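Contents: one structure, followed by commentary.
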Amino acid sequence: MIYTPRKSKKSQYLSVLFIVSGFAAMALSAIMPSPGVVQIVSMVLIIAGIQMLVRFFLTDYRYIIDDKDDGSADLIVCRRQGKKDVKVCHVSLSCVTDICKRSGKHPKADARYNYMQNPAGEEISLTFLDGERTCEIIIECDESFVSAIKSRTSVSGDVQTRFAM
């Protein structure tokens, strides 16, 4: 099963707003009494706009549930930037300890990996065991994909400690 989150235009508009306001502040610094402070603020706005553009608008994520012949399943997360398609996460769903919405409750984890497509999307938290460490993966998907993950996990049974990132 493959799920690709839909992009919202919010990140594109915010990044363009930050970049344009940064260049406008840079142009206005020529007539300000203390141009150094305004130029630093404008550089911060431009950098934040470029970061949002690269992180959210120019990046596509794809979540794949790979069913194996032995009955187990893996979650694979692929990131595409331009023509480059890279597998960034590969975990066995048999080592899931918790699946929840991350709206206010943040699970305790030693490491967090955020694979969100949109800056303010519906966050789903998958908590895994990696030996003795607890890792959290944050993805953005719909209810049908969450139920497909839940049907392939062993949340109520014994948790195995197979993990690959």
Side-chain angles (χ1 to χ4, degrees), residues 1-66 73-91 93 96 98-128 134-150 152-153 163-165:
M1 179 175 198
I2 299 174
Y3 181 78
T4 304
R6 293 180 44 155
K7 279 189 180 185
S8 71
K9 297 283 187 178
K10 185 177 187 178
S11 62
Q12 178 184 7
Y13 295 143
L14 279 175
S15 63
V16 169
L17 177 71
F18 282 172
I19 291 171
V20 168
S21 63
F23 280 117
M26 186 71 73
L28 289 176
S29 70
I31 60 172
M32 300 293 261
S34 61
V37 175
V38 176
Q39 288 176 355
I40 290 173
V41 170
S42 67
M43 289 304 295
V44 168
L45 286 171
I46 292 170
I47 290 170
I50 292 172
Q51 177 68 25
M52 284 188 69
L53 187 70
V54 170
R55 167 65 175 90
F56 293 110
F57 184 68
L58 298 177
T59 302
D60 293 320
Y61 284 100
R62 187 175 68 237
Y63 313 125
I64 303 166
I65 297 176
D66 184 23
D74 293 341
L75 174 68
I76 301 169
V77 179
C78 296
R79 178 181 66 205
R80 173 177 279 174
Q81 284 182 315
K83 293 181 181 179
K84 190 165 104 173
D85 197 8
V86 178
K87 178 171 68 169
V88 292
C89 177
H90 188 158
V91 295
L93 290 178
V96 170
D98 190 23
I99 301 171
C100 64
K101 290 189 179 185
R102 204 169 180 269
S103 57
K105 173 186 160 189
H106 299 285
K108 186 175 181 179
D110 299 322
R112 283 188 176 81
Y113 302 98
N114 189 338
Y115 302 117
M116 296 279 294
Q117 179 69 51
N118 299 305
E122 181 73 26
E123 298 179 354
I124 303 297
S125 172
L126 303 170
T127 308
F128 292 90
T134 305
C135 298
E136 178 187 14
I137 295 175
I138 304 166
I139 61 174
E140 177 182 355
C141 57
D142 60 358
E143 280 299 319
S144 64
F145 195 77
V146 172
S147 64
I149 290 174
K150 285 181 180 178
R152 291 166 173 85
T153 60
F163 187 85
M165 180 77 58

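The analysis underlying the following values was restricted to heavy atoms, covering all of them including side chains, and did not include hydrogens, waters or symmetry mates. These numbers were taken from a predicted model, which means no experiment stands behind them.
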Spacing of Asp98 atom CG and Thr127 atom OG1 [to the nearest 0.5 Å]: 4.5 Å
Distance in Å, Phe57 CZ paired with Tyr13 OH, rounded so as to fall on 0.5 Å steps: 9.0 Å
Sequence-distant partners of Ser21, side-chain contact (heavy atoms from CB on, under 4.5 Å), two or more places apart: Leu45
Any Thr4 side-chain heavy atom under 4.5 Å of Tyr61 side chain: no
Expected output: side-chain Thr153 to main-chain Lys150 donor-acceptor under 3.5 Å: yes
Pairs where residues 30-47 contributes a residue and the test side-chain hydrogen bond (donor to acceptor under 3.5 Å, both in side chains) is met, not counting sequence neighbours: Ser29-Gln39
Asp66 side chain reached by Ile2 side chain, heavy atoms, under 4.5 Å: no
Side-chain heavy-atom pair Val86, Cys78 within 4.5 angstrom cut-off: no
Side chain to side chain donor-acceptor pair (under 3.5 Å) partners of Ser8, counting only residues at least two apart: Asn118
Value rounded to 0.5 Å, distance of CG in Leu126 from SG in Cys141: 7.0 Å
Contact check, side chains of Ile65 and Ile149, non-hydrogen atoms, under 4.5 Å: yes
Residues in salt bridge (charged side-chain N to carboxylate O under 4.0 Å, His left out) contact with Arg80, at least two apart in sequence or another chain: Asp85
Other residues, nucleotides, ligands: >12 heavy atoms within 6.0 Å of Met1 CE: yes
Backbone of Glu140 reached by a side-chain donor or acceptor of Tyr63 within 3.5 Å: yes
Residues that Gln117 engages under side chain to side chain donor-acceptor pair (under 3.5 Å), provided they are two or more places apart: none
Gap separating the OG atom of Ser15 from the CZ atom of Arg55, nearest 0.5 angstrom: 13.0 Å
With Arg79 via salt bridge (charged side-chain N to carboxylate O under 4.0 Å, His left out) - residues at least two apart: none
Non-hydrogen side-chain atoms of Ile137 and Cys89 separated by less than 4.5 Å: yes
Qualifying salt bridge (charged side-chain N to carboxylate O under 4.0 Å, His left out) pairs, either residue in residues 6-25, two or more places apart: Lys7-Asp60
With Ile50 via side-chain contact (heavy atoms from CB on, under 4.5 Å) - residues at least two apart: Ile19, Ile46, Val54
Ile124 vs Ile138 side-chain heavy atoms within contact, under 4.5 Å: no
Any side-chain heavy-atom pair of Leu53 and Leu58 under 4.5 Å: yes
Steps toward side-chain contact (heavy atoms from CB on, under 4.5 Å) verdict (Lys87, Val77): CA-CA 6 Å; Lys87 178 171 68 169; Val77 179; over 6 Å; no
Minimum heavy-atom distance Phe56-Ser11, with the two atoms named: CB-CB, 3.6 Å
Results of side-chain contact (heavy atoms from CB on, under 4.5 Å) for Ala111 - residues two or more places apart only: Tyr113, Arg133, Cys135
Partner set under side-chain contact (heavy atoms from CB on, under 4.5 Å) for Ile40, not counting sequence neighbours: none
Pairs meeting criterion salt bridge (charged side-chain N to carboxylate O under 4.0 Å, His left out) with involvement of residues 108-128, two or more places apart: Lys101-Glu122, Arg102-Glu123, Arg112-Glu136
Contacts of type ring-ring contact (aromatic ring centres under 6.0 Å, His included), residue Phe145, not counting sequence neighbours: Tyr3
